[in-house]
2 protein chains.
Amino acid sequence: MNQKKITIHDISRVLGIDSSTVSRALNDSDRVTQKTKELILNKAKELGYQRNILASNLRTNKTQTIAIVLPRISRYFFATVIAGIEETAQEKGFNVVICQSLDSFEREKKIIHNLIANRVDGILISIAMETTNYEHLESFQSLGNPIVFFDRPCHLDNCVNITIDNYTASFKATEHLILKGCKHIAHFSGKQNIDLYKQRKEGYLGALQKYQIPIDENLIFESNLSEEDGVIMAKKMLENPEIDGLYSSNDTAAISAIQYLKTQGKKIPQDIAVVGFNNDPIAAIIEPSLTTVNQPGFEIGKIAANQLILQIENKTSQNNSLILNSELIIRDSSNR
Amino acid sequence: MNQKKITIHDISRVLGIDSSTVSRALNDSDRVTQKTKELILNKAKELGYQRNILASNLRTNKTQTIAIVLPRISRYFFATVIAGIEETAQEKGFNVVICQSLDSFEREKKIIHNLIANRVDGILISIAMETTNYEHLESFQSLGNPIVFFDRPCHLDNCVNITIDNYTASFKATEHLILKGCKHIAHFSGKQNIDLYKQRKEGYLGALQKYQIPIDENLIFESNLSEEDGVIMAKKMLENPEIDGLYSSNDTAAISAIQYLKTQGKKIPQDIAVVGFNNDPIAAIIEPSLTTVNQPGFEIGKIAANQLILQIENKTSQNNSLILNSELIIRDSSNR
DNA sequence: TTTAAAAATACAATCGATTGTATAAATAAA
DNA sequence: TTTATTTATACAATCGATTGTATTTTTAAA
């Protein structure tokens, strides 16, 4: 039942050719003649040979595996990024392992140490909300392995950052509300140690500035942007009856806020126009449907994986940033 | 920069103790005296020793890794199952790799072959919609490795199936509609090669039978239950003006159907009451909120992982089925 | 035909941990 | 004290592929 595996030594013995030559033939080395190669390849196929990846990994200290580390796989945006990464990885012959940090620093640290122990060749990461210390990532780098950051940039040396134009996207989202006549626009912001939320806030501020709307710090609410946070912030918002617009740094908080606001008798978008961020599938379904920013997740994934694999294969490290464009999708929640 | 790794041989050399003893000490074997163990463990810590998992894997032909294979990680139910599996796996010291079949048989086959090549110790799988042939799974089994099926059962020999009480849940869902006064209840069903959809259909039929409602095959619509399918089936439904209830085998189709029905001027639940299945987060958010069946995904994940790891560690194989209870969550879409 | 150069293949060490067997040390029994 | 028995440690092979070096074979040049 439990058939024993064929090794290069079996092929070597059967053909009377040294196992080193067999190995090289199987790896298509040019140190082996075409004729011998064919001999070996045919015999390998005939015997049903399958390379023992564990042995190969040990010898080369490589695993042909890249890891994705992100807060939560169930978020739509991340799911699209994963799809993009997997497509590219498959093309290039890399395995992918997916790890969830759940936005916890401790979990992220554990994950990275585990990835080091398992000798993954590179990491694609969107860092946890809690993360402010990067030693775990540096120790991965110090082993000569590349890291590519996506979505949430990080300014470690020798890293590639793939992000979207958060500033511009936010600017346009806010501008859109202004052009719809909103005079007092609230902003739901994320933790400011995450660059991306800082940039979104700055885009919001930039738009206000351009249209000479005074900046009111009391209109800016910072949180983790969870569902619960959305309700809490919406409550606070209502204390200021002037507010007639809301730009939220994600859809989750925007949607729970809308739901709460509706229970309080507010009309969306007539009383308060709302714009979110991410284009979660739910944004198209709720009522009113949510105006939001769509990010090219699949493309981000493809580009990030490409960059990473490039670095793995060339053993180079880079220090550049790629910024992709996003688009504002206008729906009913701001349509007035 | 690129610090060279400490091996058991380094420890062996420094202490003048053979590497085999070092290895045994690190594995807490009782062939090593307590005193020597401490000596070795302390030195290991001092030198910053980390076991080379690749070498260990090669020697033992084990990887302490289990794989999850499922259609799509972004589905809420699967995401909760994954969380449960990860919790258990972490407790027991196993790594987890997650793979998406996207309901494609070809992808699933490739994934399994890859998992075999990478010597994962066991597989937790919810088979792809397209899968009707199980050779790929049998070849994993024939290597002496256990498989646990969850969500979508499969009747291979020597396998554990973890599912929910699909028949009962469907029965209750349908009964609920009947008790709300629905006389002509449509059913959105999935592909019948998937046991789970067969059982859900049977539960629907069972409830009709109990209440002596004639079964009308024209009220049963079979599809992949995608968003688009939901709209297509809703259109067909409207050809029959008698229909006053809908029980859908998933929320996705139920929700897109509701949206379409609303555009056609149908009132939910007054004209047509709707019940879904899965309790996707969106079910609580749409209007009207969707009555649906909640599955204990987290628990399913924990139990499935426990079963698998048990088999891996005891090298036993089992052939039993575990059926968990689900609950009907009643919301507005059926509240009339 | 002989020699030099290039090409193909063989030899042997290696990656680092594990494990069956042999030996040495410690303890108990005679 | 000597022998038998148990316990602790050392020796050495092994998992299977990879790779630098050495050797043989082939081809080309003289």
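Here the side chain of B/R119 pairs a donor or acceptor atom with the backbone of B/A117 at under 3.5 angstrom. The backbone N or O of A/F77 lies less than 3.5 Å from a partner atom in the side chain of A/T80, making a donor-acceptor pair.
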**OP:** Give the intermediate values and the outcome of side-chain hydrogen bond (donor to acceptor under 3.5 Å, both in side chains) for residues B/K109 and B/N133.
**Re:** CA-CA 10 Å; B/K109 228 165 55 173; B/N133 168 324; over 6 Å; no
**OP:** Apply the test side-chain hydrogen bond (donor to acceptor under 3.5 Å, both in side chains) to residues B/N145 and B/D121: give CA-CA distance (whole Å), side-chain angles for both, the deciding distance (0.1 Å), then the verdict.
**Re:** CA-CA 6 Å; B/N145 300 315; B/D121 297 338; over 6 Å; no
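Within the model, atoms NZ of B/K110 and CG of B/N114 stand 10.5 Å from one another, a figure rounded to the nearest 0.5 Å.
Here B/V32 lies in heavy-atom contact (under 4.0 Å) with sugar-phosphate atoms only.
At whole-Å resolution of the value, CD in A/Q34 and C1' in C/dA7 are 14 Å apart. A/I40 has its CD1 atom 12 Å from the C1' atom of C/dA10, to the nearest Å. One atom, CG of B/N118, and another, C1' of D/dG16, lie 15 Å apart when rounded to the nearest Å. The NZ-P distance, from A/K37 to C/dA7, rounds to 14 Å in whole Å. Atoms CG (B/N61) and P (D/dG16) sit 7 Å apart, rounded to a whole Å. Rounded to whole angstrom, the span from the CZ atom of B/R13 across to the C1' atom of C/dG16 amounts to 13 Å.
Comparing the axis of the opening five pairs of the helix from C/dT1-D/dA30 to C/dA30-D/dT1 with that of the closing five pairs yields an angle of 50°, rounded to 10°.
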**OP:** Treat primed atoms plus P, OP1 and OP2 as sugar-phosphate and everything else as base, then score nucleotides 17-28 of chain D 5' to 3': B for base contact with protein heavy atoms under 4.0 Å, S for sugar-phosphate contact only, - for none.
**Re:** BBBBB-------
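Sorted pairs that involve residues 52-70 of chain A and meet salt bridge (Lys or Arg N to Asp or Glu O under 4.0 Å), not counting sequence neighbours, are lacking altogether.
The existence of a salt bridge linking A/D195 and A/R152 is excluded, since no basic side-chain nitrogen approaches an acidic carboxylate oxygen closer than 4.0 Å.
Nearest-nucleotide positions on DNA chain D for B/D30 and B/L58 put B/D30 closer to the 5' end.
Side-chain contact annotation: A/D18 with A/S20, donor-acceptor N/O pair under 3.5 Å present.
Nearest heavy-atom pair across A/L58 and B/L58 is CD2-CD2, 3.5 Å.
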